[in-house]
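Let me begin by presenting the structure, written as structure tokens, before commenting on it.
Below, chain A is the first sequence line, B the second, and so on; all start at residue 1.
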2 protein chains.
Amino acid sequence: MNETVRKQGDDLFGICPYVTTQKILQGKWAILILYQLADGPVRFNELLRRIEIAQGTLSNQLKYLEREGLIHRRVYTEGTLRVEYALTPIGEKFRTVLQAIEVWGNEYISYLKTNPVQNINPEG
Amino acid sequence: MNETVRKQGDDLFGICPYVTTQKILQGKWAILILYQLADGPVRFNELLRRIEIAQGTLSNQLKYLEREGLIHRRVYTEGTLRVEYALTPIGEKFRTVLQAIEVWGNEYISYLKTNPVQNINPEG
DNA sequence: CGGTATCCCGGTCGATACTG
DNA sequence: CAGTATCGACCGGGATACCG
């Protein structure tokens, strides 16, 4: 890869894999939503139940992820209205990252237990 | 009035690997900084050169990552002042995630070339 | 060289209310 | 059920200036 990152990262979107991925994961809920969809389609209110998140925020994140091509939205109109979100092919490929995150995250959680985060309170 | 304000999802930090990792990666520059350190220690101004980032922002991110235990800071006082940042053991383990991100990021970049992002105008 | 301190802006997120 | 609309708080991050 290029060693010199030139500008505010944004111009490297679509060029540098790290900057590009960072942009996708920037939202507070992106990882969690993608993880929830990793095992199959999930409906809007089901996501709302599983993740503690404001409705508007969820709606925004879903629209964003859909626009970026990672998830897609399918509406079923038979009977009661039903909307399901699922991973797209490129979204499914993201599972590799999710798995790496899960593994490292658990290692880090173990690490935290033996290495408590340093106190922030300013002791005199 | 020193009530601890817990934001949504914070209660899963240290429990859910996804929430935990998300918190670490939240900063705009975290992934890029960790990537820069993946091949060995780097000095402050060298980071500043490689990533175009405001000095204060870099300083903050480095302090944050240090506090979270992913990187450590070593000061050399012989001759001119020199400060090197490097991955800690738990930080080194993060390379797995970085590799997954690189692979997926490149796949996603390829995807973008054949599937231009629909720039839905922000309903302005 | 390797930082702090400060100010300010814009975006994100959350709460609430409303809609088809 | 599955959203939209609106508003406001918070804070990350950029610019700039200064410090040891």
Protein-nucleotide distance (Leu48(A), atom CG; dA2(D), atom P), rounded to Å: 10 Å
Can you find a side chain N or O atom of Arg82(B) that sits less than 4.0 Å from OP1 or OP2 on dG2(C)? no
Is any side-chain nitrogen or oxygen of Arg43(B) closer than 4.0 Å to OP1 or OP2 of dC1(C)? no
To the nearest Å, give me how far apart CD (Gln55(A)) and P (dT6(D)) are. 16 Å
Measure from the side-chain N and O atoms of Thr88(B) to the backbone N and O of Leu70(B), and report whether any donor-acceptor pair falls under 3.5 Å. yes
May I ask you to say what Gln61(B) touches in the nucleic acid, namely base, sugar-phosphate or nothing, with a heavy-atom cut-off under 4.0 Å? sugar-phosphate
Is any side-chain N of the basic residue among Lys63(B) and Glu66(B) closer than 4.0 Å to the acidic one's carboxylate O? no
Do you reckon Leu62(B) sits in the same ILVMFWY cluster as Leu81(B), going by side-chain contacts under 4.5 Å, direct or chained? yes
Counting side-chain heavy atoms from C-beta on, which of dC1(C), dC1(D), dT4(D) comes nearest to Asn45(B)? dC1(C)
Nearest-Å distance for atom pair NZ/C1', residues Lys63(B) and dT4(C): 7 Å
For Tyr85(A) and Leu37(A) the tightest heavy-atom approach is O-CD2, 3.5 Å
If the test is side-chain contact (heavy atoms from CB on, under 4.5 Å), which one of Leu65(A), Val42(A), Ile90(A) qualifies with Ile71(A)? Leu65(A)
Minimal heavy-atom distance between Asp11(B) and Ile15(B), with the atoms involved, is O-CD1, 3.5 Å
Describe the nucleic acid contact of Arg49(A) in one word from base, sugar-phosphate, nothing, applying a heavy-atom distance below 4.0 Å. sugar-phosphate
In whole angstroms, the gap separating P of dG13(D) from OH of Tyr64(B) amounts to 11 Å
With respect to the phosphate group of dG3(D), does any side-chain polar atom (N or O) of Tyr85(A) fall under 4.0 Å of OP1 or OP2? yes
Quick check on DNA chain C: between Leu81(A) and Asn60(A), whose nearest nucleotide comes earlier from the 5' end? Asn60(A)
Rounded to whole angstroms, how far apart are CD1 on Ile53(A) and P on dT12(C)? 14 Å
Please report the distance, rounded to the nearest Å, between CG in Leu58(B) and P in dG14(D). 10 Å
Phosphate-side-chain proximity, Arg73(A) and dA2(D), N/O vs OP1/OP2 below 4.0 Å: no
Measuring from the side chain of Ser59(A) (C-beta onward, heavy atoms only), which nucleotide among dT4(C), dT4(D), dG2(C) has the closest atom? dT4(D)
Going by heavy atoms closer than 4.0 Å, what residues in residues 22-36 of chain A are next to DNA chain D? none
Nearest-Å distance for atom pair CG/C1', residues Leu62(B) and dT4(C): 14 Å
Between atom CG in Leu65(B) and atom P in dG12(D), what is the gap in whole Å? 13 Å
OH (Tyr35(A)) with more than 12 external heavy atoms under 6.0 Å: no
Closest approach to the side chain of Ala54(A), judged atom by atom: which nucleotide of dC13(C), dA15(C), dG3(C) is it? dA15(C)
Report yes if some heavy atom in the side chain of Tyr111(B) is under 4.5 Å from a heavy atom in the side chain of Asn106(B); otherwise report no. no
When all nucleic acid strands are considered with a 4.0 Å heavy-atom cut-off, which category describes Thr80(B): base, sugar-phosphate, or nothing? nothing
